[in-house]
Amino acid sequence: PANLYVIGTLNLADRSLSPLDYALRRRFAFVALEPQFGPPLQQLLTTRQVPAALIERLCTRMAALNQAIADDPELGPDFEIGHSYFCQPPPDSTQAAAWLRLIMEQEIGPLLADYWREQPTTAAAQLRKLLA
């Protein structure tokens with residue numbers, strides 16, 4: 001029907017999917033969705049009572065990390081980390097700092113270790129910047 005849209009997502013960071021990616025790009029239109037650590041995410045976190053200083057720290061540090069990832073010739077913009085990790089803050093604002101630290105340590109940290117598998121000191125340094 002004319003009002004039916006099929007929307008799919010593809011994580012370009014997984015290079016084993018390259019042949020599939022090329023095949024899909026020949027057949028479908030693509031819209032790039034980049035990480036968004038600007039006003040929409042900040043407003044969402046504000047309405048969920050995440051402290052302003054924590055929101056600022058999160059957005060500033062993730063923007064810096066994504067710039068480092070984008071500038072890395074072995075990675076590039078397709079490896080930038082998205083905002084979806086941070087869209088479900090805890091209902092109790094007093095737990096926001098612990099929630100953020102947990103995401104950084106248990107989700108972002110292992111991802112960085114995988115990205116910089118051959119450069120563990122780089123991964124560790126980037127994680128330290130996030131946690132500082």
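Owing to the predicted nature of the structure, the values given are computational and were not obtained by experimental measurement. Heavy atoms only: backbone and side chains are in, while hydrogens, waters and symmetry mates are out.
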Undergrad: Do I81 and L102 sit in one hydrophobic cluster, given that two such residues count as connected whenever their side-chain heavy atoms are within less than 4.5 Å of each other, even indirectly?
TA: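 Different hydrophobic clusters.
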
Undergrad: Can you find a heavy atom in the side chain of L45 that is under 4.5 Å from one in the side chain of L54?
TA: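 Counting from C-beta outward, L45 and L54 never come under 4.5 Å.
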
Undergrad: Only counting residues at least two apart or in another chain, list the ones meeting side-chain contact (heavy atoms from CB on, under 4.5 Å) with P35.
TA: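 In terms of side-chain contact (heavy atoms from CB on, under 4.5 Å), with neighbours along the sequence ignored, P35 is linked to F37, N66, E80.
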
Undergrad: Taking side chain as C-beta onward, heavy atoms only, is I108 less than 4.5 Å from L65?
TA: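 SC-SC contact between I108 and L65 confirmed.
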
Undergrad: Looking only at non-hydrogen atoms, find the nearest pair between P89 and V50 and report the distance.
TA: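 Here P89 and V50 meet closest at CB-CG2, 3.6 Å.
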
Undergrad: So, W99 side chain and Q88 main chain: donor-acceptor pair closer than 3.5 Å or not?
TA: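 Here the side-chain-to-backbone pair exists.
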
Undergrad: Identify the heavy atoms of A123 and L112 that sit nearest to each other, and give their distance.
TA: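 Shortest heavy-atom separation between A123 and L112 comes out as CB-O, 3.5 Å.
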
Undergrad: Sequence neighbours excluded, which residues qualify as salt bridge (charged side-chain N to carboxylate O under 4.0 Å, His left out) partners of E105?
TA: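 Salt bridge (charged side-chain N to carboxylate O under 4.0 Å, His left out) check on E105 returns R101.
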
Undergrad: Can you name the residues that form a side-chain contact (heavy atoms from CB on, under 4.5 Å) with A23, not counting sequence neighbours?
TA: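 Per chain and number, A23 pairs via side-chain contact (heavy atoms from CB on, under 4.5 Å) with R26, R27.
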
Undergrad: Return the minimal non-hydrogen interatomic distance between P51 and A96, and the atom names on each side.
TA: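 Smallest interatomic distance, heavy atoms only, reads CD-CB, 3.8 Å.
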
Undergrad: Got a sec, which pairs hit salt bridge (charged side-chain N to carboxylate O under 4.0 Å, His left out) with one end in residues 84-95, sequence neighbours left out?
TA: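 Salt bridge (charged side-chain N to carboxylate O under 4.0 Å, His left out) check on residues 84-95 returns no pairs.
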
Undergrad: Can you give me the closest heavy-atom contact between A68 and Q126, atom names plus distance?
TA: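 Looking at all heavy atoms of both residues, the closest pair is CB-NE2, 3.8 Å.
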
Undergrad: Which pairs would a plain distance check flag for residues 55-64, meaning a side-chain donor or acceptor within less than 3.5 Å of a matching protein atom at least two apart in sequence or in another chain?
TA:
residue	atom	partner	partner atom	Å
E56	OE2	T60	OG1	2.8
T60	OG1	E56	O	2.8
R61	NH1	L130	O	3.1
R61	NH1	A132	O	2.2
R61	NH2	A132	O	2.9

Undergrad: So do the side chains of W116 and I69 get within less than 4.5 Å of each other, counting heavy atoms only?
TA: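 When only atoms from C-beta onward are counted, I69 and W116 do touch, with a gap below 4.5 Å.
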
Undergrad: Applying side chain to side chain donor-acceptor pair (under 3.5 Å), can you list everything that pairs with E34, at least two apart in sequence or on another chain?
TA: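 By the side chain to side chain donor-acceptor pair (under 3.5 Å) rule, E34 matches no residue at all.
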
Undergrad: Is the side chain of Y85 donor-acceptor paired with the backbone N or O of I103 at a distance under 3.5 Å, no angle test?
TA: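 No; judged by distance alone, with no hydrogens or angles, the pair does not exist.
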
